[in-house]
Amino acid sequence: MDDAFVRSAALVAAVLPPFIIVTYFLVGARVRFDADMVWAGFGFGACAAFPAIVTAKLLEAAMGYGNGYIEVAANQAFFGAAIPEECCKLVALLALCWRQVRELQPNHLFALSITLAGGFACLENIFYVVGDGNWHATAALRSVSAVPGHAFIGAVVGFCIVRALRVSFGVFWWGLALVLPVALHGAYNFFLNALVNPEVQHAHAAHDLIQLFVALFILTVILEGLVAHLSLHTILKMTGNGERQAQDIATTPSLVRWIHSIGEHPLWWAALSAICFLVAAGLLLDSSVGPAQGDSLSLEIDRSLGQGFSAFAALHGAAFIGLTIVLRRRIRSRRSDPPL
Amino acid sequence: MTGKPTEPSESESEGTPPRDQSAPPEAPENGREAETSDEDLFRLFVGPNAEKFLRIYRAQKEKKHATSFNWVVLFASLPWFFYRKLYVVGACILLLPIILIVIFPNLSGVSTTGIAVALALLANSLYVQIAQRRIKKVKALNLPPAERDQRIRKAGGTSPAGAVFGALILVSMVAVFFIDKATARLPDCHNAQVQNLAKTILTGILSENGVDAEALAVSDFKAVESAEDGTRHLCSFSADLESENSTMFLSVTWKDSAAGEFEVIVGPTQDSVSQ
């Protein structure tokens, strides 16, 4: 991929999904685009990738790969990815907002955690997508799996920290803010790493094992999304209508106001939903009638995963439809509220 | 903190000569009080070492150009920007070059000394500009003075945690560079990944020849010879299948050393795996 234009297109394809997911949660959590530290969090998250890389390399050197596909997949998933990445993201979040953490509104803190995770996912996506010969496929697949996966885990972290600050047994929630993301992230990577390891195809009952890993991978991603949305719902109840992040409109630059109004427009999310359903249909078609390359087991992995990614895209479409409905209700309630 | 009281004290008014009604009003005094107030707010915002930035602040207020060289930024720009809570600027300084190199890989050889010097020259005046913008934003909220001052103090100041995080990122980037250089060694015969690959390849070969290789076990990996420049390893290993034991050979060579990709060839003799 020598053409700068193609690389630029790949860069846009890599950067757009994290921005869309972050915007989705900002709008859902009722946090303004220009709220304090939101985009600083995005930058911090991207910067956190570097200490995560170093930590992963050091852990890998210390732990080694191990023997057998289970041990290799687990080491790569937890010591090579989940533990370093989630630890560095948590450190970055606390470095950003530790002094104000008790003063921030629950929805604001929740959104900060997601934008930080989104920033991390953005830089990671750039490294994976740009420079990949098959960048459009990589971008499409990662946009419905890895990128929202990071955002969902960010939601879990934000929720746990909010609970830690507002309820008793705070230590329990602080611990959960680290353990739960590591577990979810590790599980996601473990099933994928195990599937792509050639040894699994020669394992005992390989066919059943592959089906199990694919099913567990898909379930992990769906579970992450479910937990993230339940967290959002709980955070909004904790925040309440009157405590929304307030930012004086007069001091907001007009460009930001314009971007914010687009982000809160139901039509935008309805359009994105339609795109997601189209992508889902495309992935499903591709996995059903794709060219028969490779041996039967690797073909089976590709087809099962393709169906899984198709389901992820459809769920994204459903989520965007949900946000469209929520935004329409908010607009209606704003119109029916008596003026101040 | 926010300005001198406008009403004169009793002792001052007794000693002050009566004001001539025809004389023009004393406007400069009020202007100077407002300026002092803004300067006080600026000091409040900056926090430690505010004096360093005051010269630039006063010059910018008079629409004049002023710069000063920031030695800390020259050597540790990211920690400084994060310390001064310029998070977005700091992140852009780190990430924009990476994005440019991703789009234009040929730029990776470009020297960054000039960029570092330019940053060191511009950092202080950029900080003063951003400080003024943030103070203006808070003032536009028309808050009571105490609350306004608190908001300004919170919006500015320093962040030691940010500085530490910035330093951590800087150290990490340097460490990534050296780790990549240090770990770019061809895996040897005892590397688990090489051994797994050897087993996988042998299993594939046997399966292609119609042999059920589910019970294949490989062990006893030994180095036979290695190239002096470390670009090739020749190993022997033992392959056991259904009580039949064979000595096999494998060679490990770089496929793409820059990307860390290597390839393994397995065969029954040394010659069969030599390239």
Side-chain angles (χ1 to χ4, degrees), chain A residues 2 4-5 7-8 10-11 14-15 36-37 39-55 57-58 60-61 64-69 71-72 88 91-92 94-96 98-100 103 119 122-123 126-127 130-131 197-199 201-204 206 248 250-252 295, chain B residues 78 82 85-95 98-99 102-106 136-142 154-155 157 159-166 168-176 178-180 182-183 187 191-197 199-201 203-204 207 213-216:
Chain A
D2 294 329
F5 176 76
R7 295 181 84 91
S8 302
L11 180 70
V15 160
D36 286 343
M37 294 184 289
W39 297 107
F42 195 87
F44 258 50
C47 294
F50 294 100
I53 292 171
V54 170
T55 315
K57 284 183 184 285
L58 290 172
E60 217 169 288
Y65 287 111
N67 294 308
Y69 66 91
E71 197 176 340
V72 168
C88 288
V91 165
L94 296 178
L96 178 65
W98 178 247
R99 276 186 182 173
Q100 303 103 311
E103 294 157 15
C122 186
L123 192 66
I126 290 172
F127 288 138
V130 183
N197 191 313
E199 268 198 45
Q201 296 183 28
H202 305 286
H204 178 68
D248 193 276
T251 63
T252 306
D295 59 64
Chain B
L78 194 64
F82 282 179
K85 295 191 179 179
L86 302 179
Y87 301 126
V88 176
V89 175
C92 286
I93 287 166
L94 178 70
L95 299 170
I98 292 172
I99 291 172
V102 159
I103 301 176
F104 306 105
N106 296 333
K136 190 177 169 186
K137 215 171 168 180
V138 174
K139 281 168 73 175
L141 297 174
N142 292 319
K154 269 192 193 164
S159 171
V164 169
F165 186 64
L168 186 68
I169 293 165
L170 205 61
V171 166
S172 302
M173 291 180 72
V174 172
V176 163
F178 284 111
I179 286 174
D180 276 347
T183 57
N191 180 278
Q193 205 177 7
V194 167
Q195 295 176 0
N196 286 334
L197 272 172
K199 185 182 174 185
T200 304
I201 294 167
T203 305
S207 301
E214 215 176 291
L216 176 71

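Note that these values count all heavy atoms, side chains included, but never hydrogens, waters or copies made by symmetry. Below, read A as the first sequence line, B as the second, and so on, with proteins coming before strands; counting in each chain starts at 1.
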Would you find a donor on one side and an acceptor on the other, under 3.5 Å apart, between the side chain of Arg7(A) and the backbone of Phe104(B)?
no
Between Val176(B) and Phe50(A) the two heavy atoms that sit nearest each other are CG2-O, 4.2 Å
Can you spot which of Val130(A), Leu11(A), Ile126(A) makes a side chain to side chain contact (heavy atoms under 4.5 Å, CB included) with Ile103(B)?
Leu11(A)
Interface residue of largest heavy-atom contact number with chain B, from Ala46(A), Gly43(A), Pro51(A), under 4.5 Å:
Pro51(A)
Flag side-chain contact, heavy atom, 4.5 Å: Met173(B) against Cys47(A)
no
Using non-hydrogen atoms and a 4.5 Å limit, figure out which bit of Leu170(B) sits close to chain A: side chain, backbone, both or neither.
neither
Does any heavy atom of chain B fall under 4.5 Å from the side chain of Ala52(A), the backbone, both, or neither of them?
neither
Minimal non-hydrogen separation, Ser159(B) against Ala95(A), with atom names
OG-O, 4.3 Å
Aromatic rings Phe165(B) and Phe44(A): how do their planes relate, parallel, tilted or perpendicular, breaks at 30° and 60°?
parallel
Between chain A and each of Val171(B), Leu216(B), Leu95(B), count heavy-atom pairs under 4.5 Å; write down the option with the most.
Leu95(B)
Does any backbone or side-chain atom of Ala49(A) lie under 4.5 Å from a heavy atom of chain B? Answer side chain, backbone, both or neither.
neither
Please state whether the side chain, the backbone, both or neither of Leu96(A) comes within less than 4.5 Å of a heavy atom of chain B.
both
